[in-house]
Amino acid sequence: MELLSRLLRSRQHDAADGLPVLLYHKIAEYAPGAAVKSHYVSPALFRAHMAFLHRGGYRTVGVDEILRYMRGEAVDVERPIAITFDDGYDCVCHNALPALREFGFGAIVFVLAGFIGGVNDWEPERPAVVEPMLTAEHVVEMTAAGVEFGSHAMTHTRLSQLGDSDLRGEMADSKRMLEDIIGSEVTAVSYPFGDQDDRVRAFAAQAGYTAGFTVERGVNRAGGDPFAIKRLNIRRHNYVPLFARKLRRAYANAARRD
C-alpha cells in the first residue's frame, strides 16, 4: 500500500507529456494449455489497473479525442488515456466491462469481424483451449454501455503479406460488417500482429478508416501518424508497480525523443 501511495505521489504526467493507449487481449484467469500466456490479465488485476488509473486522475478518451490530440488540438481531459482490447473475446464483456463501468472508463474494442459469435480457432496450437468470441448481441450491449468498436480485420492474418484484393476485403468487409451490427460508422482499425506498412496504411485510409492502431510501444504525441498509433501492451504479470513503471518509462522515452 505504501508503494502504491508513493507511485501516486510521483510526478503527475499530463496531456502535454503524451497520450498513452493501453492494449489488452483477454481479461480472464490463465487457461492451462493456452497458446499465449501473456495475453491473460486476471479480472482482479485488471480492476487494480483501473483503480490505479482512477486514483491517479486519468480519464479515458476515444478515437475522436485521440485524433484531435494528434492533430495538436486541445482535449478536455487533463490526463488522457485510452484503453483498447484486441481480438474480441467474450471475456471482455463479462470480466472487463464491470470494472470499466465501476470507474467510469470507456474503451475501444477491436474485433475480428469474421469470428463474431465464433471461437478462437485462428490461434496457434488450436484447439488446445477453445474460447468464445463476442457475439453480435454482446457488441450491441457494449455499444449501448459506451464502448467503442473498431475492426481487427476479418481473419487475423498478416495484412502486409496479402495481395491487393484480399487486403481490400480484410479492411472493407470487416468495417461494413461491424457497421451493420452497431448501426454507426467504424473509424478505427487495429492491425493483426501489429503488421502494417505504407501500403497497409494506405488501404486502411481508402477503406474509410481515420485511425490505425499498432503494437509499437510508446505514448502518442501531437503530429504523430494517425494510422500508426502507438500502444502499451499490458501483460499477465504486469502487477500494479510494473504497470505504473511501464507508463512512466513510456512518458520518459517520449520526452527523450523530443
Side-chain angles (χ1 to χ4, degrees), residues 4 6-25 38-39 41 45-46 48-86 96 100 103-110 148 150 152 187-191 193-197 201 204 209-258:
L4 182 56
R6 289 201 304 270
L7 291 170
L8 289 169
R9 287 197 301 268
S10 64
R11 181 183 183 278
Q12 299 289 291
H13 296 94
D14 58 25
D17 298 310
L19 194 163
V21 179
L22 306 182
L23 166 58
Y24 292 91
H25 289 83
S38 64
H39 280 181
V41 172
L45 181 56
F46 179 74
H49 290 169
M50 299 302 102
F52 173 82
L53 294 174
H54 189 267
R55 286 194 294 269
Y58 284 96
R59 297 296 179 263
T60 51
V61 294
V63 174
D64 287 347
E65 291 90 349
I66 294 170
L67 292 176
R68 285 202 298 271
Y69 180 90
M70 295 182 74
R71 290 194 298 264
E73 301 172 10
V75 293
D76 296 330
V77 178
E78 182 179 358
R79 302 192 75 192
I81 197 165
I83 300 168
T84 70
F85 300 86
D86 274 5
L100 293 169
F103 295 104
F105 286 161
I108 308 163
V109 180
F110 294 102
E148 289 187 69
H152 201 40
T187 62
V189 62
S190 164
Y191 312 108
F193 304 105
D195 180 47
Q196 49 85 27
D197 54 19
R201 294 193 296 273
Y209 297 104
T210 57
F213 289 70
T214 73
V215 295
E216 182 182 351
R217 288 178 294 180
V219 298
N220 297 282
R221 306 297 294 269
D225 184 349
F227 285 95
I229 295 171
K230 299 178 178 69
R231 292 189 288 177
L232 301 176
N233 197 349
I234 308 302
R235 300 177 182 275
R236 180 184 176 206
H237 294 303
N238 286 162
Y239 303 116
V240 172
L242 295 177
F243 177 78
R245 186 185 307 163
K246 182 172 282 192
L247 274 173
R248 290 200 309 274
R249 284 180 175 173
Y251 283 121
N253 289 338
R256 281 196 292 269
R257 288 194 292 268
D258 288 346

TODO: Name all pairs fulfilling the salt bridge (charged side-chain N to carboxylate O under 4.0 Å, His left out) condition that reach into residues 223-236, sequence neighbours left out, sorted by first residue then second.
DONE: Asp86-Arg231, Arg201-Asp225
TODO: Dump the intermediate steps for side chain to side chain contact (heavy atoms under 4.5 Å, CB included) on His152 and Val189, then the final yes or no.
DONE: CA-CA 6 Å; His152 201 40; Val189 62; over 6 Å; no
Using atom types as modelled and distance alone, determine if a side-chain donor or acceptor of [X] lies under 3.5 Å from a backbone N or O of [Y].
X	Y	answer
His13	Leu19	no
Arg217	Ala250	no
Tyr69	Gly18	yes

Could you check whether any side-chain heavy atom of [X] comes within less than 4.5 Å of a side-chain heavy atom of [Y], counting everything from C-beta outward?
X	Y	result
Val215	Asn233	no
Leu67	Thr210	yes
Val21	Ile229	yes
Val75	Ile66	no

Task: Verdict with supporting geometry, Val63 and Glu148, side chain to side chain contact (heavy atoms under 4.5 Å, CB included) - done: CA-CA 8 Å; Val63 174; Glu148 289 187 69; 3.5 Å; yes
Quick one: closest heavy-atom pair of [X] and [Y], and the distance?
X	Y	result
Phe213	Ala188	CE1-CB, 3.8 Å
Gln196	Thr214	NE2-CG2, 3.8 Å
Arg59	Phe105	CA-CE2, 4.4 Å
Pro20	Leu232	CB-CD1, 4.3 Å

TODO: Measure from the ring center of Phe110 to the ring center of Phe85 and say whether it is less than 6.0 Å.
DONE: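 No: the rings miss the under 6.0 Å criterion.
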Starting at [atom1] of [X], measure out to [atom2] of [Y] and round the result to the nearest 0.5 Å.
X	Y	atom1	atom2	answer
Phe52	Leu247	CZ	CG	6.5 Å
Met70	Phe227	CE	CZ	10.5 Å
Thr84	Leu22	OG1	CG	7.0 Å

- [ ] Mind checking ring-ring contact (aromatic ring centres under 6.0 Å, His included) for Phe103 and listing every partner two or more places apart, or none if nothing turns up?
- [x] His54
Open item on the list: Which residues pass the ring-ring contact (aromatic ring centres under 6.0 Å, His included) test with Tyr58, not counting sequence neighbours?
Closed with: none
Open item on the list: Between His39 and Tyr24, is there a side-chain donor-acceptor contact under 3.5 Å, judged purely by atom types and distance?
Closed with: no
TODO: Applying side chain to side chain contact (heavy atoms under 4.5 Å, CB included), run through Ile81 and Val61 and close with a yes or a no.
DONE: CA-CA 6 Å; Ile81 197 165; Val61 294; over 6 Å; no
